[in-house]
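Here the structure is a predicted model, which is why all the values come from computation and not from measurement.
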Amino acid sequence: MAGGAALGRSGGARERPLPAAVGSPYVGVMKRLVGRAAGLYLLFAIIGRFVEGMGGVECSCSADCWCRRPILSTFRWVFPFGHRCP
């Protein structure tokens, strides 16, 4: 009696093992961690934009800096690299 027959499997059909990432219990945990990190990043960006709107902080970059553009200015305080300061 073969090992596959003892487990109730058909002897002729070969089963392919699942990739490690599909069957891993850590995939769901990693998805939650990445989602929460992205959520916190966006929350800090919005808080920074709100504080700037209140006048609490001010950017001293030149007028052609990326952080002066309408949408990108939201991320000015959470991505502090590549600014063109005078």
Side-chain angles (χ1 to χ4, degrees):
M1 186 152 82
L7 297 175
R9 296 182 193 155
S10 61
R14 294 186 100 173
E15 294 182 24
R16 286 187 240 153
L18 292 174
V22 174
S24 175
Y26 298 107
V27 172
V29 172
M30 288 305 294
K31 284 183 181 180
R32 281 193 301 272
L33 284 174
V34 169
R36 288 179 183 168
L40 278 174
Y41 187 82
L42 290 174
L43 177 67
F44 288 143
I46 292 170
I47 289 171
R49 183 72 171 158
F50 179 73
V51 169
E52 184 182 15
M54 289 177 41
V57 291
E58 185 177 315
C59 183
S60 62
C61 288
S62 62
D64 62 342
C65 184
W66 67 266
C67 70
R68 298 288 182 169
R69 296 191 178 153
I71 302 281
L72 297 177
S73 64
T74 303
F75 300 100
R76 181 180 301 156
W77 303 111
V78 293
F79 191 78
F81 301 106
H83 291 270
R84 295 186 190 136
C85 295

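- Note on Leu42: it clusters hydrophobically with Trp66, by side-chain heavy-atom contacts below 4.5 Å among ILVMFWY residues.
- Under the 4.5 Å side-chain heavy-atom criterion for ILVMFWY residues, no single connected hydrophobic cluster contains both Val27 and Leu33.
- Nearest approach of Ser73 to Arg49, heavy atoms of both residues: OG-NH1, 3.1 Å.
- Ring pair Tyr41/Phe75 is parallel by interplanar angle, where below 30° counts as parallel and above 60° as perpendicular.
- Neither Val51 nor Ile46 shares a network with the other; the hydrophobic side chains, linked directly or stepwise wherever heavy atoms of I, L, V, M, F, W or Y lie under 4.5 Å apart, form separate groups for each.
- Between Ile47 atom CD1 and Glu52 atom CD the span is 14.0 Å, to the nearest 0.5 Å.
- The CG atom of Leu43 sits 14.0 Å away from atom CZ of Arg36, with the distance rounded to the nearest 0.5 Å.
- Two residues are said to be in side-chain contact when any heavy atoms from C-beta on lie closer than 4.5 Å; Trp77 and Cys59 meet this criterion.
- Interatomic distance, Arg69 CZ to Arg76 CZ, rounded to the nearest 0.5 Å: 12.5 Å.
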